[in-house]
Amino acid sequence: MENSNHFGKVYLIGAGPGDPGLLTVRGKSILEKADVVVYDRLVSPGVLSLCSPRAKMVDVGKMPTHHKMKQSEINKLLVKFAVEMPGSIVARLKGGDPFVFGRGGEEALELVDAGVEFEVVPGVTSAIAVPAYAGIPVSHRGIATSFHIITGHEKEKSVVDPIAALQGDCHSGAEGDRIQCNLSLDFENLAKCQGTLIFLMGIANMDFIAHRLIECGKDPKTPLAFIEKGTTPNQRTVMATLETAGETIVRENVTAPAITIMGGVVELGKTLAWKKNLPLSGKRLVVTRAAKQSSGITARLTALGAEVIETPMIETRSLEKPQTVCHPERSTVGAESKDPGLQGSVDFKSLANYDILAFTSTNGVECFFKQLFAAGYDVRVLAGKKIASVGKITEKKLLEYGIRCDYVPEDHTGEGLGLLLRDVVNKHDRVFLSPFDKLRVNSGRSSESNDLVESRILLLQGNLADDTLLKLLPKATRWTVYETLPVAELPDWKREAIVSADAVVFASTSAVENFVKLTPQSAEGTISRLTPHTSFCIGRITESAASKYGFETVTSDETTMDSLVKKIVEYYTTSSNH
Ligand code: SAH
């Protein structure tokens, strides 16, 4: 068939060995745009979370014992998606590199046959990256001048008991539960190789492989390492020698996916193992912030060795224009209803009515300025106004717009901000009165002055903001600048990843509540033992919501990401929490 643009295009993308940081820039940019992602078992959740949230996710992963989908079916599926979805981007995401024992070539041939356009995006192969994460260079001056990547598993035949097979009864099968001894490897030549030998898919057959190499003259004392789940939080290195390979696998229960590396370079791993020394190495953390806000903390936690699963619980959406909100205890602003719903767009001209603008989130800052600029104004409309922020993160965001805060409470909560502003009002801080107001205050109408000043406070918040501020400042006005919508469901792979995580990071009460709602194992409003039990919280209100649902809570001293990250490191570096 002719190559046709009427079809979608298939990208065979290497996902790397596990750590999402090892996905290529090209791979990431395609995943962000993909309409369909067809992925394998070895693709880590960290990589899956980089895919477009609107992509159809198809798991064709193969477990060692039951094949979810045959290779021929996968080939057909790729063609089907491309043919049925003209103009679409179909990402075929494979562990490591698609052409290193990845059957990517077979898929590409099928696409060529069907006239479907395709591209290959190479990946970082586990054969090299996994040893690197264990501190083992595959080549090293004076030790190994070549390296050889070999499959330790060929065709599937019968399934047998691996222990029996390790005792000498050789059969064939896939890694993990089957043994294959009729490997057509050239053991004579492999035994003569002075370079490093790297076996993929070889755990089940390793006893046989090691025996054959020794039979063919390889030194039985050759150092060897099994590296299990390399580059993931569960990476483990087990050292052995050629002659102890089989018994070590059984004794240490080495399981797939694992690579076996043989040769003098293995010894270097004893000195160069770097990953396990990172403070958060081996930890999988779920970050429940909205994607836009979470990348800061994700980058920091990843740099410290953690694997982060970004699982936003809410999506925020800027409104086109700020909306006035009906005061919960006042019917003066608009509606009769007590529902603090949106009541109608405001005109930025009315900013002239306010002396203090109070922001309670970075989102509020970003959306407010977006709307202000879109309406044709710039920061000059804020000249002379005082600016208040709930905490340091919001304060920093304001600085990006060239605005320095006048008021930031020591206690970084809505309540702290409300009390601070009330204090400002109570002190009759004349700075905030317009000349006209000053006249009124000076002419003996000071009883009105509090009200007057307070009514000149404008709160810029999201639609789900609680009423803490309005209760403390009943005369203030609130504009809603963004909407917060709870995420309605989580894909299966994400739920699975969450179950295996060590802890969850919460930055708001609503995130806690939605997390509990979306996590399948939560029963009767309390988290079960399956959910990660530990939570790291920003702010005391979040903390109390999390503990209400049964989480063990660890709360940052300050409401900053730095403080939270410090707390997480402290938690995991105290021996009892390892
Ligand atoms: N295309 C892949 C290899 C696919 S074969 C690549 O380039 O990496 C699957 C084998 O790769 C597994 O049986 C195991 O031997 C190895 N492997 C893949 N990911 C691994 C990981 N994170 N840790 C250890 N071994 C891994």
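Here the side chain of Q194 pairs a donor or acceptor atom with the backbone of K192 at under 3.5 angstrom. Formation of a donor-acceptor pair under 3.5 Å by the T237 side chain with backbone atoms of A134 is not found in this model. A donor-acceptor distance shorter than 3.5 angstrom exists from the side chain of D97 to the backbone of G123, with no hydrogens or angles considered. With T302 contributing its side chain and T298 its backbone, the two residues share a donor-acceptor pair below 3.5 Å. No donor-acceptor distance shorter than 3.5 angstrom exists from the side chain of R212 to the backbone of D186, with no hydrogens or angles considered.
Counted by atom type alone, S535 and Y549 present zero donor-acceptor pairs between their side chains at under 3.5 Å. If you check the side chains of E310 and S49, you find no donor sitting under 3.5 Å from an acceptor.
Residues that satisfy the salt bridge (charged side-chain N to carboxylate O under 4.0 Å, His left out) test with E307, not counting sequence neighbours, are R284. Residues forming a salt bridge (charged side-chain N to carboxylate O under 4.0 Å, His left out) with E73 (at least two apart in sequence, or on another chain): none. For R236, the salt bridge (charged side-chain N to carboxylate O under 4.0 Å, His left out) partners at least two apart in sequence or on another chain are E228, E252.
Electrostatic pairing of E489 and K517 does not count as a salt bridge here, judged by no charged N lying under 4.0 Å from a carboxylate O.
With values rounded to the nearest 0.5 angstrom, R103 atom CZ is found 10.5 Å from D40 atom CG.
The only member of V47, V38, V121 that meets side chain to side chain contact (heavy atoms under 4.5 Å, CB included) when paired with L93 is V47. The only member of V308, L564, V565, I568 that meets side chain to side chain contact (heavy atoms under 4.5 Å, CB included) when paired with R300 is V565.
If you look at F536 and Y571, their ring centroids are closer than 6.0 Å. In summary, the aromatic rings of F199 and F226 are positioned with their centroids too far apart to meet the 6.0 Å limit.
Between F515 and F551, the two ring planes are tilted [angle within 30° to 60°].
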